[in-house]
Protein chains: 2
Amino acid sequence: MQNANVSDKTIGRLSTYRRLLLYRFGTAGQSHIYSYQIAGLAGVTAAQVRRDLMVVGYSGSPNKGYRVEDLVGSIGEFLDRPEGQNVGLIGIGNLGRAILTYFSGRRPKLTIVAAFDSAPDKINRTIHGCRCYAVEEFPAVAARENITVGIITTPADAAQRVAETLVECGVRGILNFAPVALKLPPGVHCEDIDMTMALEKVAYFARKLARD
Amino acid sequence: MQNANVSDKTIGRLSTYRRLLLYRFGTAGQSHIYSYQIAGLAGVTAAQVRRDLMVVGYSGSPNKGYRVEDLVGSIGEFLDRPEGQNVGLIGIGNLGRAILTYFSGRRPKLTIVAAFDSAPDKINRTIHGCRCYAVEEFPAVAARENITVGIITTPADAAQRVAETLVECGVRGILNFAPVALKLPPGVHCEDIDMTMALEKVAYFARKLARD
DNA sequence: TAGATTGTTAATCGATTAACAATC
DNA sequence: TAGATTGTTAATCGATTAACAATC
């Protein structure tokens, strides 16, 4: 298999490039784009962009750059599963609901097909087109809806237990908003988004920069 | 000035350690803790923890480890401004509202004191104890409330303009949820949280791991 | 062709890891 | 003391950057 281990950061940047191209393509509509133009939009170096794009196997043309349409297609072939992937969200609090709204229709190949919570008053409803279930129903729903990706927006103390359920049901990718380090077996990829940590970091550097 | 340039990642981990200690301290209540115990909770190595803690200038004791209470205090002295810092949020959409709720009362030294939007129907209200203003009022409110940190939850096309306003008003730290690379002058720290990118990354690796 | 770009290799940089000395 | 831990230095690792050859 080619490109057996591509850097986590490279995948992230490819996702960013594609979105910028889609946005740019819709408005400006230029047919070709240079690495330095993508770099300017994404806030990275042109060499970085070229190196990342080599990973997807799409070659640019010297002095003409990259064809926008083909490039978007190639990144899509590389990043997406053609038939799409279904996502389950666990934890229907304020953050969970915001994320349901945020991702609704944003990426055609990634759909949040079901949401789960342990509180009885939150289940058997529909939020932004997404059906809500009890956590106990996850195995059945995951199998029926073919859920391969999970988003955890539960409180910290419930996250580990939820993660274990997800893994047991065949989920290999987890986006974790709970502020705990999940203990997961090998073969499961977890991406953590810790908003409290991010805000404290920003506050620290703001304070430090203000002193100078 | 000692420790002139501490790694961005170190600051983030220190924030994580503190929260874990506060959580742990409240429930378990042990007076001392070893580096490997913190490491286990945070998902890093013990050597990493020791190196990070040296940055805050708090020394542990061989064979006894770190005093939990003193350690939390030392990290606080290092990370926080004693009188606290005020935060402004711009963009009162679903994500903005979720973040207002999420940070409400979570960190005593960091308070979101005002929210801003351009839509008339969203201003002059109070959401979770936070007053909402028109974006044009930002300079006046920021000066009055001493806002030094900004959270951007606007759509992508408004983010750069908003960021420039923040910087003009003396904000030195920005937490950016909009999926664009903000062009900022030196002396301003920006932390990006790109949820779409994170989900696409997770989906990619889930797909890749499922193939193996 | 000349010029500007792309693809590729070597050098640099920074953070992490591992090994060791110091300490209670 | 012996043992287990902490603080410190050197080695490793990986990603990024810079330099260069290839190409339209």
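First the proteins, then the strands, lettered A, B, ... as listed; each starts at 1.
How far CD1 of B:I38 is from OG1 of B:T16: 11.5 Å, rounded to the nearest 0.5 Å.
Taking a pair as Watson-Crick or G-U wobble with both distances under 3.5 Å, DNA chain C forms stems of 3 or more consecutive pairs at C:3-24 with D:3-24.
With B:E200 as reference, A:R107 is the one residue of A:R106, A:R107, A:R81, A:R19 to meet the salt bridge (Lys or Arg N to Asp or Glu O under 4.0 Å) rule.
Residue B:K9 places its side chain closer to C:dA15 than to any other of C:dA15, C:dT6, D:dT16. When distances are taken from the side chain of B:P62 to each of C:dA15, C:dT6, C:dT23, the shortest belongs to C:dT23.
A parallel orientation is assigned to the rings of A:F205 and B:H189, their planes being inclined by less than 30° (bins at 30° and 60°). Ring geometry for B:Y204 against A:F78 counts as parallel: the plane angle stays under 30°, on a 0 to 90° scale with 60° as the upper cut.
Straight-line distance from the CD atom of B:Q48 to the C1' atom of D:dC13: 14 Å, rounded to whole Å. Per the geometry, CG belonging to A:D52 stands 11 Å off P belonging to D:dT17, to the nearest Å. At whole-Å resolution of the value, CD1 in A:I33 and P in C:dT5 are 13 Å apart.
Between B:A115 and B:C130, the closest heavy-atom pair is N-SG, 3.6 Å. B:I147 approaches B:V113 most closely through the heavy-atom pair CG1-CG2, 3.8 Å.
Atom CZ of A:R161 is surrounded by 12 or fewer heavy atoms from other residues, nucleotides or ligands within 6.0 Å.
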Enumerate all atom pairs, one protein N or O and one N or O from nucleotides 7-11 of chain D, separated by less than 3.5 Å.
from, atom 1, to, atom 2, distance (Å)
D:dG7, OP1, B:G60, N, 2.8
D:dG7, OP2, B:Y66, OH, 2.9
D:dG7, N7, B:R50, NE, 3.3
D:dG7, O6, B:R50, NH2, 3.4

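Side-chain contact check for A:R13 and A:Q48: at least one donor-acceptor pair (N or O, by modelled atom type) lies under 3.5 Å.
Contacts of A:R67 with the nucleic acid, taken as non-hydrogen atoms under 4.0 Å apart, are absent.
Look at A:Y34 and you won't find any side-chain N or O under 4.0 angstrom from OP1 or OP2 of C:dT6.
In terms of position along DNA chain C, the nucleotide closest to A:N63 lies nearer the 5' end than the nucleotide closest to the other residue of the pair A:N63 and B:T45.
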